[in-house]
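Report on the following structure.
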Amino acid sequence: MKFFTKLLSQNSDRKDENGQTLISVWDIFQKQPSSAETKIRRSNYLIILFEGGLFIFGASFFNPGVLSVFVTKFTGSMNLAALPASMMIVLGSIGQLIVGPFLPKIKHLDKFLHRIYSSRFILLVIPLLLFLKLNSTFIVLMFFIIYGLFLFIDGFTVVPWTDIYTRTILPTQRGSLMGNRVVLGGLASTASGALIKWLLDSKMNLNTSYGFVFLLGAVTILSTIFVLYHLKDINETRPKNVKTVGVSAAFKRMFPLIKENHEFKKILVCRILISIGNMALPMSILFGTNVLLLTNSQTSTLIYIQILGTVFGGILWGQLSARIDNRMAVIVSFLMGALIPSIAVFLMVFHASLPATLIFILMIAMVLMTGMNIQAWLIGAYNYQLDIVPSADRAVSIMMTCIINIPLGLLMFLSGIIAEQIGFMFLMLLTLAVNVIGYFFSTQLIKRRSIPEYIKRMEAKIEHEQH
């Protein structure tokens, strides 16, 4: 109990760059007189926290480890194993790219989000198809269509949600909030991991087992709609210098943004390296089943361990971001990203001479770090980007990352093909090399104390260009 009290109140005695005391999760529960804007900030903090926890809990039933094993078992091949992970990035990015240019035209972002979130009901079709015990190929095909539609439509919410998030949550609170979201969802996900293991180890057939797994995930994700209904915007604080960004105007602004904002250029390169370095993460469990020939029981245990990794990842990245800075979270994520394939290469070379117990322990460590590192970019690189891009360029910067994410997202799909056709050794050595390069590059990012002055220079440059 003392740990959670400390976690929730970790910033209560800290101050931001302007000398104002930061509002922690613990402080939000205390009744204090405040303005309407402050009430919205406090309310949104709690809504984003608990919605995030619920969504992560629900999404854990659609964890990349779960989906890669599901697709492999129903198709009999690893070629499509990482396609769900690629779809998550690519289709979500396309949705963001469509909405991004029209963000300033949306007058009531909160109401817009409420309407889009109602589309999450389509997830209920997936377990229905499994319970009907249709042809396996048809089930996988329909899964990709429905899951892809869900990801595409949900992508419409990212840019408006980010705009509300960045204006209603204090910059120095974002890292800890994201970390606490992951911790809250991760703690709930320990239960989902146990349920998934129990369902997959049970005597039920595959259709029924996965049907219940996806049904639990869909119902939990649907519950977030009722939480997000209370999310509010602070319309009066929307930046005055943000003009309507047409598609062509947004594309024209992208290259000057990269040229003028050197820190944005750096974090963009880091995100590219993160995408390449993490392309093998969805294949971690399948590496154990195909190379090390782990049993079904060991595989279901690793799925549980990967979900558990999100708990430890949320704690680690949240603490690094809040107590040091987002830069450090990026640096450590590259180090961990290099350690994961290093273990895989070691096992491929020496597994024949290692005891089975040690092999499984190393696999647990590898999969645990996989679960931790999946969330690293969200808390580290994403928040760093929000910190170093002025509000006037925020929509354009998000569009820019979306455009880059579309081809990079296909790398995860490619990792399944590489593992099947070339082998895991090449895949792991490639990701190891990229993570090492990313580590040295990430050390060039500026520290938190230098960001306020940097933003002032960027805003002054934008104001000068507008005049």
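Throughout, numbering of the chain's residues begins at 1 and tracks the sequence. What you are looking at is a predicted structure, and each value in this text was computed from that prediction instead of being measured.
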Exercise. Aromatic rings Phe350 and Phe346: how do their planes relate, parallel, tilted or perpendicular, breaks at 30° and 60°?
Worked result: tilted
Exercise. Do side-chain atoms of His230 reach the backbone of Ile47 as a donor and acceptor pair under 3.5 angstrom?
Worked result: no
Exercise. Any sub-3.5 Å donor-acceptor pair from Asp325's side-chain atoms to Lys447's backbone N or O?
Worked result: no
Exercise. Around atom CZ of Phe62, are there more than 12 heavy atoms of other residues, nucleotides or ligands at under 6.0 Å?
Worked result: yes
For this session: Could you verify whether a donor N or O on one side chain and an acceptor N or O on the other, from Thr443 and Arg327, lie under 3.5 Å apart?
Result: no
For this session: Decide side chain to side chain contact (heavy atoms under 4.5 Å, CB included) for Leu195 and Leu216; before the verdict, give the C-alpha distance in whole Å, the side-chain angles of both, and the deciding distance to 0.1 Å.
Result: CA-CA 10 Å; Leu195 281 170; Leu216 289 169; 4.1 Å; yes
Problem set entry | Any Leu281 side-chain heavy atom under 4.5 Å of Asn278 side chain | yes
Exercise. Is the backbone N or O of Arg271 less than 3.5 Å from a side-chain atom of Ser275, with the two atoms forming a donor-acceptor pair by type?
Worked result: yes
Exercise. Strictly by modelled atom types, are Asp154 and Tyr117 linked by a side-chain donor-acceptor pair under 3.5 Å?
Worked result: no
Exercise. So, Phe112 versus Phe156, ring centres under 6.0 angstrom or not?
Worked result: no
Exercise. If you look at every heavy atom in Ser189 and Phe57, which pair is closest and at what distance?
Worked result: OG-CA, 3.7 Å
Problem set entry | Asn435 side-chain N/O to Gly277 backbone N/O, donor-acceptor pair under 3.5 Å | yes
For this session: Might you work through the side chain to side chain donor-acceptor pair (under 3.5 Å) test for Tyr454 and Asn261, ending with a clear yes or no?
Result: CA-CA 9 Å; Tyr454 182 81; Asn261 195 325; 2.5 Å; yes
For this session: Mind listing the closest non-hydrogen atom pair of Val330 and Ser442 along with its distance?
Result: CG1-CB, 3.8 Å
